[in-house]
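Remarks on the structure that follows.
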Amino acid sequence: MVAVFHDLTNRHLLYQMRREFVANISHELRTPLTAIMGVAEIMRDQSPADDEFRPWLDALDRQARRLNTLAREILELARLEDIKAQPLRRESIPVKNLLAAMSERIPPEARSQLSLDSDVDDLEFSGDWDSLLGALANLVDNAVKYGEPGGRITLQARRYGDLVELAVINQGAPVDPEDRERIFERFYRSEKSRREGLGGVGLGLAIVKHVARVHGGRAYLKCPSGGGSVFTMSLPIKG
């Protein structure tokens, strides 16, 4: 019998240092970004619609919010990776309330695309409300961004034994086969997203995967033969 041992202490320390550094930088970025967004909003509200500087103010507000979203996603991913230090805030979540909150959260211009399909409105399960709502928002945003323009998006809930499955279905082109294995990796962006300049840094689906994992479940993708993509979080009903 041969036993081989590897000391992973240094690797673990480096990983911890990297995670803390990224989280600290993201946290520090949010303070000035909040101030910038506040000032930009005030200046936009006080400037006439035909002001020659209005497009610049709109661009400033838009890009500041984009950076704020990035900082928030990095912080959320760091929190999920260090779940022992920041445990889930579990509560009993009615499925119908979660779906309703999600439908109200998406941008008004995309709201007409969303439909709800649930046969478990009376079901409640154990979970962290904010994390689950954020994960669903990422899935819906992903469907809006990569699905067929103006196409129907379905937010679906089903029960399978001791599991509840929350899925977001879009009717656009399916995810390319070469992207399916890596689609939930952090910072992974498909060739289509880079080619078409769709934005993002590849953290949304990584957050979805981690949210499902810390709830004791999993996230996965299916591409039906008829077209479209189905992103699903499969979660235990009892935590």
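- Between Arg158 and Asp117, at least one side-chain N (NZ, or NE/NH1/NH2) sits under 4.0 Å from a carboxylate O, which counts as a salt bridge.
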Apply the test side-chain contact (heavy atoms from CB on, under 4.5 Å) to residues Glu76 and Leu203: give CA-CA distance (whole Å), side-chain angles for both, the deciding distance (0.1 Å), then the verdict.
CA-CA 10 Å; Glu76 177 65 6; Leu203 288 178; over 6 Å; no
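- Remark: Gln156 CD to Thr232 OG1 distance equals 7.5 Å, nearest 0.5 Å.
- Using a 4.5 Å heavy-atom cutoff, the side chains of Phe125 and Val120 are not in contact.
- Of all the heavy atoms in Ala219 and Val208, the pair that sits closest is CB-CG1, 4.1 Å.
- The number of heavy atoms from other shown groups lying within 6.0 Å of CE (Met43) does not exceed 12.
- In this structure, Glu181 places its CD atom where only 12 or fewer heavy-atom neighbours from other residues, nucleotides or ligands lie under 6.0 Å away.
- Under the 4.5 Å side-chain criterion, counting only non-hydrogen atoms from C-beta, Glu73 is in contact with Asn138.
- Two residues are said to be in side-chain contact when any heavy atoms from C-beta on lie closer than 4.5 Å; His210 and Arg186 meet this criterion.
- Considering all non-hydrogen atoms of both residues, Leu163 and Ser234 come closest at CD1-OG, 3.4 Å.
- Considering CG of Leu155 and CE of Met102, their distance stands at 7.0 Å, rounded to 0.5 Å.
- With Gln171 contributing its side chain and Gly228 its backbone, the two residues share no donor-acceptor pair below 3.5 Å.
- With a 4.5 Å cut-off on side-chain heavy atoms, Phe231 and Asn142 count as touching.
- Side-chain contact between Ile106 and Val144 is absent, with no heavy atoms from C-beta onward closer than 4.5 Å.
- Pairing each heavy atom of Ala143 with each of Val168, the nearest pair is CB-CG1, 3.9 Å.
- Annotation for Asp45: atom CG counts as buried by contact number, over 12 foreign heavy atoms lying within 6.0 Å.
- Tested against Tyr220, the residues Glu165, Lys209, Arg180 include a single side chain to side chain donor-acceptor pair (under 3.5 Å) partner, Glu165.
- Across all non-hydrogen atoms, the minimal contact from Ala64 to Met37 is CB-CG, 3.6 Å.
- When hydrophobic clusters are built by joining Ile, Leu, Val, Met, Phe, Trp and Tyr residues whose side-chain heavy atoms come closer than 4.5 Å, directly or via intermediates, Ile36 is not grouped with Leu57.
- Annotation: side chain of Leu205 is in contact with side chain of Leu139 (closest heavy-atom distance under 4.5 Å).
- Between His215 and Asp128 the shortest side-chain heavy-atom distance falls below 4.5 Å.
- Proximity of Pro224 to Val230: side-chain heavy atoms (C-beta onward) are separated by under 4.5 Å at one or more points.
- With sequence neighbours left out, Ser118 forms a side chain to side chain donor-acceptor pair (under 3.5 Å) with Asp121.
- Nearest heavy atoms, Gly127 versus Leu132: CA-CD1, 4.1 Å.
- Among all heavy-atom pairs drawn from Ser229 and Leu221, the shortest one is CB-CD1, 4.0 Å.
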